[in-house]
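Here's the structure, in structure tokens; my notes come after.
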Amino acid sequence: MQRPTGKAMKISNILETKKRSLSFEVFPPKTDSSFDSVREATERIASLSPSFMSVTYGAGGGTSRYTIEIAKNIQNAYSVPTLAHLTCVSSTKNTVRSRIEDMRAAGIENVMALRGDIPAGAENMPRDYKYAFELVRELRLSGGDFCIGGACYPEVHPESQSLEQDLMHLKEKVDAGLDFLTTQMFFDNGIYYRFFEKARSSGIIVPIVPGIMPITNIKQVERAITLSGSYMPKRFLSLVEKFGSDPDEMTKAGVAYAIEQIADLYDNGVANVHVYTMNKPQVAEAILKSIID
Ligand SMILES: Cc1cc2nc3c(=O)[nH]c(=O)nc-3n(C[C@H](O)[C@H](O)[C@H](O)COP(=O)(O)OP(=O)(O)OC[C@H]3O[C@@H](n4cnc5c(N)ncnc54)[C@H](O)[C@@H]3O)c2cc1C
């Protein structure tokens, strides 16, 4: 795995090198009491020396401050460049600005600028931001010299009427100052390849990093279908049917499927693949090992 040093900690630099690399996503603790176990899991994943790690942001939650803490720890203790996520839709301008300042002070150079989802029943939420492109602009104006990533949806964002409409808004978001995009999970690589071509012909020229989710339990499958409307190929569904009731076998089958997806992406010229590890070091390790072998 390549390892940038010194000032070359920006993810855009890593993606520019075009060498094969693998990056991992982790999530911060959802409660104060789980901080130690999450920190330990993220440290085990960081010790595998991925090309970078992203740390998600619990929109509006009281533990959202941990995103920066976990990202800073990974960067300082393991020299792994980190990408701290930030959402805006349920925050005031003041909160967002102070989070940006906290990131800058913590030495975070990469930020994933997201809209987030409006929590159910949160009618009295702040309405300072409507879309992620507004956060991208805010980050660009902050003077933080951040490398900024954004989300994209090969199977179309659930609120969009069509792929064309989604791509039009995606282009506006990129033009607001994005350096790269990371995709929502998908289980059929053809969906990514077709999306990539459409994005390029819509004038979106930044790197589009595919996001791969190794499925290790049946709940993840239900969540992927409900939240993202992910298409599940027959071969994948039959694996779930066969192994879904056996957690160990399901993990093995889900990791093997993700490894096949990643190998195919590399074979088709994709340089960096981002893996949603769900904070499972053994999953990250198995995938990394298969890539190196
Ligand atoms: C890689 C990745 C990482 C993520 N990480 C997190 C995380 O850490 N925390 C979290 O809470 N959520 C996270 N999410 C989920 C994300 O917050 C949701 O999918 C959310 O619904 C959309 O966020 P966005 O940044 O893509 O929004 P946007 O880019 O704002 O798009 C949202 C919708 O609005 C439409 N739209 C955009 N601009 C306009 C406009 N000007 N007019 C009309 N419509 C418009 C888009 O087409 C789309 O349908 C992540 C998603 C991905 C793919």
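Reckoned from all heavy atoms, side chains included, excluding hydrogens, waters and symmetry mates. Along the sequence shown, the residues carry numbers beginning at 1. In each ligand, atom 1 is the first atom listed, and ligand 1 is the first ligand listed.
By the 6.0 Å and 45° rule, Lys30 stacks over the aromatic ring of Phe27.
The closest approach between any non-hydrogen atom of Gly116 and ligand 1 is below 4.0 Å. Residue contacts with ligand 1: Tyr153 is included, with a non-hydrogen atom under 4.0 Å away.
Under 4.0 Å is where a charged nitrogen must lie from a carboxylate oxygen, and between Asp128 and Lys130 no such pair does.
Atom numbering of ligand 1 starts at 1 in the shown order; those under 4.0 Å from a heavy atom of Phe133 are 41 (N). Less than 4.0 angstrom separates some heavy atom of Asp166 from each of these atoms of ligand 1: 46 (C), 47 (O), 48 (C), 49 (O). Proximity to Tyr276 (heavy-atom distance under 4.0 Å) selects the following atoms of ligand 1: 1 (C).
With a 4.0 Å heavy-atom cut-off, ligand 1 is reached by the side chain of His157 but not by its N, CA, C or O. For Met112, every heavy-atom contact with ligand 1 shorter than 4.0 Å involves the side chain, none the backbone. Heavy atoms of Thr56 found under 4.0 angstrom from ligand 1 belong to the backbone as well as the side chain.
Residue Tyr131 holds the heavy atom nearest to atom 45 (C) of ligand 1 of all those in Tyr131, Tyr129, Phe27. In the candidate list Glu159, His85, Arg115, Arg115 is nearest to atom 27 (O) of ligand 1, counting heavy atoms. If you check each of Gly58, Ala176, Ser160, Ala132 against atom 28 (P) of ligand 1, the one with the closest non-hydrogen atom is Ala132.
In summary, the side chains of Tyr153 and Asp166 do not present any donor paired with an acceptor at a separation below 3.5 Å, with no hydrogens or angles considered. Ser34 and Thr31 are linked by a side-chain donor-acceptor pair at a separation below 3.5 angstrom, with hydrogens and angles left out of the test. Using a 3.5 Å distance cut-off with no hydrogens or angles, the side chains of Ser51 and Asn272 do pair a donor with an acceptor. Checked by atom type, the side-chain pair Ser64/Arg99 shows a donor-acceptor distance below 3.5 Å. A donor-acceptor contact closer than 3.5 angstrom is absent between the side chains of Thr182 and His274.
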